Amino acid sequence: MNTITPSEARRLYLHSQGLYGRDYGRGKAGALNVIEHIGYIQIDTIAVVERAHHHTLFTRVKDYKKSYLDELMESDKAIFEYWSHAAAYLPMRDYRYSLPRKKLFAEGKQHWFHGKKPLEMVYDRIKAEGPLQSKDFEEKRAAKGWYEWKTTKQALEQLFMAGRLMVAGRRNFQKVYDLTERVLPAGIDTTMPTEREMARHLVLSAIDASGFAAAGEISYLRRTQHDPVKKALAAMLRDGELEELRVDGLRDTCYTTTAKLDELQTIRTQKKIHILSPFDNAIIQRRRLINLFDFDYTIECYVPEPKRVYGYFVLPVLYGDTFAARLDAKADAATQTLLVRQLWIEDGFKVSEAFVKALAKALQQFAVFNRCTHIKIEKARLDRASLSLLKQLVK
């Protein structure tokens, strides 16, 4: 069994996630490379700063533009929307691996709501009229709210989850639905993967995106696949496709490939700051954050306000291979100002001049990404000299 240190494990993980020296290239091609390599990009509606799907790509492709996602989905048909552990953009090349979940919904599994839905009426209208949005279906209802969707919206989502409809694009962030056969590009493999094929796909995708993974981490996005994944791991280990990996100090046995172990030897130490989205792929598995980085993180927008420790939408700040701080930020569109409402330094992290300079540069880049021309630091738990330097550098 191969053994690596926690420091080596952190570098391999972050490098595999595109946050420690990996170059995906520039422009739209770089954005597609990211999605294909790390497997999915979570879509989220919260807009305190730029939305998560754009934020996650910006973190890895510095010349990223918001238009790239629309182009990749609508004109290039290189990605598609569906469900990972949440709503996500997925590589079109992996389309067939969405089919087992779609089959469950086609056979009666309910998405969000139970009860009768006007499925065929909705489907027939889109078939006859072409792509439609939820707003194109008029319906009287007593109350409004995300938890009280009109029945036609429920039908659209059920048909989408069952694979009969796909998202052809978005207008003002609202989904435009069309028949699947009118959205899929020619030549896409639409054969149903076997249980073994699906498990192998999950194993190889997880290791490619993370460098190494334990069995539970691999089946994290598909909990129904836990037993097939364990079988696939045993078979792939026996056939020499995988190697067992032990990380000093961690309990779980992990799995990796020879190529990933070779890759580890090429990774060079770096000190760069990434301001991460709470929905970034690198931090979505909280147990790994605790075990590997000793970083206990919660998205507090789902926590009642009186119980919040840090704030509504606090962003993790990664410095090299260390989570060094948490940033409560807001992009104020009216004043084009990036507000740093609070900056917390993690216990035990020693602030240096190099860190402050790297943070100032990262804040400036993040401000531009959020279409802000000013940065205002309201509170920061820094010593007086470091805070003075930070404010001076971001002017």
Side-chain angles (χ1 to χ4, degrees), residues 28 31-32 35-36 39-45 53 68-137 139 149-195 197-198 201-202 205 221-222 224-225:
K28 185 169 62 173
L32 178 59
I35 297 170
E36 290 186 336
Y40 73 96
I41 297 290
Q42 183 171 336
I43 302 169
D44 197 73
T45 60
H53 38 289
Y68 292 160
L69 274 177
D70 288 340
E71 293 172 14
L72 286 169
M73 188 166 76
E74 296 180 35
S75 55
D76 300 349
K77 294 185 181 294
I79 62 176
F80 70 104
E81 279 195 37
Y82 196 59
W83 206 258
S84 182
H85 69 282
Y89 291 106
L90 302 161
M92 187 64 80
R93 69 179 188 184
D94 293 342
Y95 176 78
R96 69 187 293 250
Y97 297 108
S98 70
L99 296 178
R101 184 191 290 266
K102 289 175 178 175
K103 183 173 182 288
L104 292 176
F105 284 95
E107 292 175 345
K109 179 178 173 64
Q110 297 289 303
H111 181 60
W112 292 118
F113 295 92
H114 296 273
K116 189 175 181 180
K117 306 176 181 67
L119 299 178
E120 298 311 318
M121 180 276 285
V122 168
Y123 182 86
D124 289 344
R125 270 199 62 187
I126 293 177
K127 182 177 181 180
E129 300 175 30
L132 295 175
Q133 294 180 270
S134 175
K135 68 179 183 179
D136 296 314
F137 295 86
E139 184 178 346
W149 284 352
K150 58 188 180 183
T151 57
T152 48
K153 171 62 176 175
Q154 296 176 35
L156 285 166
E157 282 297 295
Q158 186 70 26
L159 290 165
F160 165 71
M161 292 302 296
R164 296 177 67 188
L165 298 181
M166 289 184 70
V167 176
R170 283 182 180 253
R171 300 292 177 267
N172 297 321
F173 201 59
Q174 300 303 307
K175 294 177 182 177
V176 180
Y177 300 86
D178 200 1
L179 305 189
T180 292
E181 56 267 31
R182 297 200 294 230
V183 176
L184 277 180
I188 290 297
D189 188 350
T190 59
T191 58
M192 181 70 67
T194 64
E195 184 179 82
E197 286 177 321
M198 188 70 196
H201 169 72
L202 293 175
S205 295
L221 301 181
R222 301 284 193 279
T224 58
Q225 290 288 320

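Please read these numbers as outputs of a predicted model, since none were measured by experiment. Residues take their numbers from the sequence shown, with the count starting at 1.
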If you take all heavy atoms of H53 and L69, which pair is closest and at what distance?
CD2-CD1, 3.8 Å
Between D76 and K28, does at least one N-O distance fall below 4.0 Å, as a salt bridge requires?
yes
Quick one: does Q133's side chain get under 4.5 Å of L156's, heavy atoms only?
no
If I take atom CD1 from residue I126 and atom CZ from residue R182, how far apart are they, to the nearest 0.5 angstrom?
8.5 Å
Could you give the distance from CG (D136) to OG1 (T152), rounded to the nearest 0.5 Å?
10.0 Å
Please verify the inter-ring angle class for H201 with Y97; under 30° counts as parallel, over 60° as perpendicular, anything in between as tilted.
parallel
Shortest non-hydrogen separation from T180 to G163 and the atoms involved
OG1-O, 2.6 Å
Which atom pair, heavy atoms only, marks the closest approach of V176 to P131?
CG1-CB, 3.5 Å
Do the ring planes of Y95 and F80 sit parallel (below 30°), tilted (30 to 60°) or perpendicular (above 60°)?
perpendicular
Check for a donor-acceptor pair, side chain of Y82 on one end and backbone N or O of M161 on the other, with a separation under 3.5 Å.
yes
Report yes or no: is the cationic atom of K109 (NZ for Lys, CZ for Arg) closer than 6.0 Å to the six-membered ring centre of F105, at no more than 45° off its axis?
yes
Quick one: CG on L90 to CD1 on I35, what's the gap to the nearest 0.5 Å?
9.0 Å
Scanning both residues in full, the closest heavy-atom pair of R170 with E74 reads N-OE2, 3.7 Å
Rounded to the nearest 0.5 Å, how far does CG of L104 lie from CG of L99?
11.5 Å
Counting distance only, does the side-chain N/O of N172 pair as donor-acceptor with the main-chain N or O of Q174 below 3.5 Å?
no
Close side-chain approach of W83 and K102, heavy atoms under 4.5 Å:
no
If you define the side chain from C-beta out and look only at heavy atoms, does anything of L132 sit under 4.5 Å from V122?
no
Would you confirm whether R164, through its side chain, and Y123, through its main-chain N or O, come within 3.5 Å as a donor-acceptor pair?
no
For G39 versus P91, what's the shortest heavy-atom pair and its separation?
O-CD, 3.1 Å
Heavy-atom pair with the smallest gap, counting every atom of D178 and G130
OD1-C, 4.3 Å
Just verifying a value: how many Å separate M73 CE and E81 CD, rounded to the nearest 0.5 Å?
4.5 Å
How many angstroms lie between CD in E129 and CG in D124, if you round to the nearest 0.5 Å?
10.5 Å
More than 12 heavy atoms of other residues, nucleotides or ligands under 6.0 Å from NZ of K127: is that the case?
no
Return yes if some donor-acceptor pair links the side-chain N/O of R101 with the main-chain N/O of S84 below 3.5 Å, else return no.
yes
Determine, for F137 and K150, whether the Lys NZ or Arg CZ falls below 6.0 Å from the six-membered ring centre while staying within 45 degrees of the axis.
no
